[in-house]
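Each remark here refers to the structure printed beneath this line.
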Amino acid sequence: MKIKTMKIYKKLLYTMCMVCSIVLTGCDDFLTPDNKSSVTDTDYFSTASGFQSLVYDAYAQLIDIYNSADAPVYFNAGTDLYQDGRNDIDAALHRWSNFTPEHGKVKTFYTDCYDGIRSCLSIQYYASAANVSDDVKQKAIDEGRFIQALFYYLLVNNYGGVPLVTEYANTAIKGYPRATAEQVYTYIIDELKSIITNNRLVASSATKGGGEASIEAAKALLAKTYLSAAWDLNNQSYFTEAAKYADEVINGRSLTTEFADLWAADSSGDDDAEFIFDIEYVYNSAHDQNAGNRWQSFYSNYYGGAEEGMKNGSSLCIPLMHTLKCFEKGDKRYDATFLKTLLVKKAWDPAQGFKENGSPLGDYFSFYSNGNTAQGKMVGVYYPAYWECDAASVAAWRAEDPENRAETFIIPQNEMTAQMEPMSTYMEDLKEYPNGIITKYDFEESQKKSWAVHPCRKFDDSKTAQYSAGRSFRDLHVITLPEIFFVAAEAYFKAGNDGAALARLNTVRKRAGLADATSIDIDVILKESACEMYGNGYRRMDLRRTGKLIEYNNLYNPHLKGNAASIIGQKLLWPIPQAAIDANDELTSANQNPGY
């Protein structure tokens, strides 16, 4: 569903709906809006447009998770791939520092999931009185059930067992008991199987925007659910089920769209068949121009303010050297994930930075208007990959366009690198390195400095080409076909079928321009997914599921190296928010997760 439409109906629903937020907050004095008109909620939601507004609102709830400023932290903090930048990643989620049930982000995530579940359940509640055909009614119900299953999937993978709310509450409810993880998984599986059997959803919505629940998306989520449940419940047969449903989604396909085209900054790849389920954004009205998403700023450090003409980086969750070295030489995904050249309009004075008399000299987005190349444009900063930052390689790069590259600052993406905050540091250090390649500073220690690591370009929006965060209108890809290839590879490997696992993995590698892998294990799969799913993956959930959370943090998280086991301890799951326990008569401190 288009974001513009969803937001309009979301506002309408919350103006009219008079049902409390359940599970997390009490109901006695919840915000019940005054109904100024004579139209009741039942009257409105019985109309075709009113009933459809419930469906739009259910989709809209996903925005609170996936377009949150904390989305990178929710899914990727506390892992082996991402580190602090100029700003620190949340200390509790990234380094387990003072991680308690009172933690705000954990509470917000929990609340937003249950708000979404409530919206989904409202569709079933009002369906009986809706003046629409049975087919329309059941399709709407199943759309809500799919989204509800997705919210429960997120909950069970982060908190373990949680209260199962399966009916809409139109009166105050004192509480719900905590279900076991097995009960939650069973509920998700049963719901998704029922949706598939009903067959009321469209077969696939991928090439039509991807923003509508489909049978394809339901099977993809079912495969993901079986895979997580297989690990968490130690149920070997579930790996076979995960592989089965993943293969039904794959349906004999290869990955034929070039990775760079798939993630094109002009949005031309957003409706590719590989994007199974999306949150759609459109930029075609005054309303939409102020209602974009934040993803363009994610996974990038700081590159000066708007006055320097570069993009707005969130300055956290930037790649570790370990992350960059997951990409092999020749991996086509590297240049499509990271922008290695920052362009400028003209020569600059290092004493002023990339600005002149208060006007920006940086020209970040001209890379895209120039045909996705720096050729013929002046380059301010070049970030050579670890395999190409030697003097000979950099000299060859300069020779391709000497007029525009002679004065370029070179920031090697390798263990030892240069710094340019302030630019005078770079100019002074250059005197010590006559070959023009400064290798003076530790890469990880340099990440607190601006300009230290290349920006992530994977989510750039070249159509709007705006500095401000929240102005990107690229779709948010929630479930993708490459992810399902990884699900299949992992499931087949755990089921003992290495041949099938390798075949699924090598389909992904082939598109990246890499040779086939000849052996497989969980580490091989996680390494490959680090490259394919950089930024849009669910790394923390992947590591927890596969039992690698402590091991990988111990090896690669700068805050936890060598001490991850003692620091993380039993805190593999997030805590049930204390506010949820306090507001729920069916929960006590005994229901808290281990370690808290």
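What you are looking at is a predicted structure, and each value in this text was computed from that prediction instead of being measured.
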State, yes or no, whether a side-chain contact exists between Asp335 and Lys340 at a heavy-atom distance under 4.5 Å. yes

d(Thr337 OG1, Glu532 CD) to nearest 0.5 Å is 8.5 Å

Mind checking whether Phe151 and Gln61 have side chains closer than 4.5 Å, heavy atoms only? yes

**Message:** Treating Asn554 as the side-chain partner and Ile550 as the backbone partner, does any N or O pair qualify as donor plus acceptor under 3.5 Å?
**Reply:** no

Next item on the list: Please assess Tyr556 against Thr323 for the test side chain to side chain contact (heavy atoms under 4.5 Å, CB included), listing each intermediate value before the final yes or no.
Entry: CA-CA 9 Å; Tyr556 305 113; Thr323 313; over 6 Å; no

One should read off an interatomic distance between Leu543 CG and Asp80 CG, to the nearest 0.5 angstrom, of 5.5 Å

Sorted by chain and residue number, the side-chain contact (heavy atoms from CB on, under 4.5 Å) partners of Cys120 (sequence neighbours excluded) come out as Ala58, Ile147, Gln148

Q: For residues Arg294 and Ser314, determine if any side-chain heavy atom of one lies less than 4.5 Å from a side-chain heavy atom of the other.
A: no

Whether Phe365 and Tyr368 hold their rings parallel, tilted or perpendicular, with breakpoints at 30° and 60°:
tilted

- Between Phe327 and Tyr334, how do the two ring planes meet: parallel, tilted or perpendicular, split at 30° and 60°? perpendicular

Hits for side-chain contact (heavy atoms from CB on, under 4.5 Å) against Ala206, two or more places apart or cross-chain, chain-then-number order -> Ser204, Glu216

Tested for side chain to side chain contact (heavy atoms under 4.5 Å, CB included) against Val478, the lone hit among Leu221, Ile279, Ile65 is Ile279

request  = Would you check if the side chain of Thr464 reaches a backbone N or O of Arg471 as a donor-acceptor pair within less than 3.5 Å?
outcome  = yes

Closest heavy-atom pair, Ala213 versus Val202, reported as atoms and distance to 0.1 Å, is O-CG2, 3.8 Å

Result for ring-ring contact (aromatic ring centres under 6.0 Å, His included) between Tyr66 and one of Phe109, Tyr74, Phe298, Phe75 points to Phe75

From the list Asn67, Asp278, Leu150, Asp112, side chain to side chain contact (heavy atoms under 4.5 Å, CB included) partner of Leu62 resolves to Leu150

Residues at least two apart in sequence or cross-chain that pass side chain to side chain donor-acceptor pair (under 3.5 Å) with Asp142, listed by chain then number, are Gln138, Arg145, Asn198

Side chain to side chain donor-acceptor pair (under 3.5 Å) filter on Asp232, not counting sequence neighbours, yields Tyr185, Arg544

What orientation do Phe459 and Tyr299 show, parallel under 30°, tilted 30 to 60°, or perpendicular over 60°? tilted

Sorted by chain and number, sequence neighbours left out, side-chain contact (heavy atoms from CB on, under 4.5 Å) with Ser268 holds for Ala264, Asp266

Smallest heavy-atom separation, Pro72 atom then Ser68 atom, equals CD-O, 4.4 Å

In short, salt bridge (Lys or Arg N to Asp or Glu O under 4.0 Å) pairs touching residues 479-493 with sequence neighbours left out are Lys224-Glu483, Glu490-Arg545

Those residues at least two apart in sequence (or on a different chain) that pass side chain to side chain donor-acceptor pair (under 3.5 Å) with Thr207 are none

_Any side-chain heavy-atom pair of Arg504 and Ile250 under 4.5 Å_ = yes

Here the salt bridge (Lys or Arg N to Asp or Glu O under 4.0 Å) pairs for residues 454-464, sequence neighbours left out, are Lys311-Asp460

Relative to the ring of Tyr168, is the ring of Tyr125 parallel (under 30°), tilted (30 to 60°) or perpendicular (over 60°)?
-> tilted

### Query
Would Met533 and Thr480 count as a side chain to side chain contact (heavy atoms under 4.5 Å, CB included) if you check the C-alpha gap in whole Å, the side-chain angles of each, and the deciding distance to 0.1 Å?
CA-CA 9 Å; Met533 306 288 292; Thr480 70; 4.0 Å; yes

Heavy-atom nearest pair, Ser53 first then Phe45, reads OG-CE2, 3.6 Å

Examine distances only and state if a side-chain atom of Ser267 and a backbone atom of Asp270 form a donor-acceptor pair shorter than 3.5 Å.
-> no

Short question: side chain of Asp271, backbone of Lys208 - any donor-acceptor pair under 3.5 Å?
no

dist Cys317:SG -> Asn76:CG (nearest 0.5 Å) comes out at 6.5 Å

**Prompt:** Any donor and acceptor pair, going by atom type alone, linking the side chain of Ser462 with main-chain N or O of Ala265 inside 3.5 Å?
**Reply:** yes

Across all chains, not counting sequence neighbours, the ring pair (Phe, Tyr, Trp, His ring centres under 6.0 Å) partners of Phe275 are Trp263, His477

Heavy-atom count check: over 12 atoms from other residues, nucleotides or ligands less than 6.0 Å from Gln236 CD?
yes

Distance col, row Glu167:CD vs Leu121:CG, nearest 0.5 angstrom, shows 8.5 Å

Are any non-hydrogen side-chain atoms of Tyr114 and Leu155 less than 4.5 angstrom apart? yes

Check: Just wondering, do Val55 and Gln52 contact through their side chains at under 4.5 Å, heavy atoms?
Finding: yes

Does Asn158 reach the main-chain N or O of Met541 with its side chain, forming a donor-acceptor pair under 3.5 Å? no

Heavy-atom nearest pair, Ser254 first then Thr507, reads CA-CG2, 4.1 Å

Taking every heavy atom of His454 against every heavy atom of Gln413, the minimum-distance pair comes out as N-OE1, 3.3 Å

Beyond-backbone contact of Phe485 with Glu274, side-chain heavy atoms, under 4.5 angstrom:
no

By ring pair (Phe, Tyr, Trp, His ring centres under 6.0 Å), Phe51 pairs with (sequence neighbours left out) none

What one should report as the nearest heavy-atom pair of Ile568 and Leu549 is CD1-O, 4.4 Å

message: Could you check whether any side-chain heavy atom of Asp135 comes within less than 4.5 Å of a side-chain heavy atom of Lys139, counting everything from C-beta outward?
response: no

Review point. Counting N and O atoms only, with roles assigned by atom type, does the side chain of Gln296 sit under 3.5 Å from a partner on the main chain of Gln466, one being a donor and the other an acceptor?
Key: yes

Got a donor-acceptor contact below 3.5 angstrom from the Asp247 side chain to the Ala488 backbone? no

Contacts of Tyr82 meeting side chain to side chain donor-acceptor pair (under 3.5 Å) (sequence neighbours excluded), chain-then-number -> none

Note to self: For Tyr383 together with Phe338, are the ring centres under 6.0 Å from each other?
What the structure shows: no

So CG of Leu476 and CG of Asn293: to nearest 0.5 Å the spacing works out to 4.5 Å

Check: residues 513-522 side-chain donor-acceptor pairs under 3.5 Å, at least two apart:
from: Asp521; atom 1: OD1; to: Asp523; atom 2: N; distance (Å): 3.1
from: Asp521; atom 1: OD1; to: Val524; atom 2: N; distance (Å): 2.8

### Message
Using a 6.0 Å distance limit plus a 45 degree cone around the ring axis, check whether Lys494 lies over the aromatic ring of Trp231.
### Response
yes

So OH of Tyr152 and CD of Gln183: to nearest 0.5 Å the spacing works out to 11.5 Å

Item to check | Donor-acceptor contact below 3.5 Å, side chain Ser194 vs main chain Asp190 | outcome: no

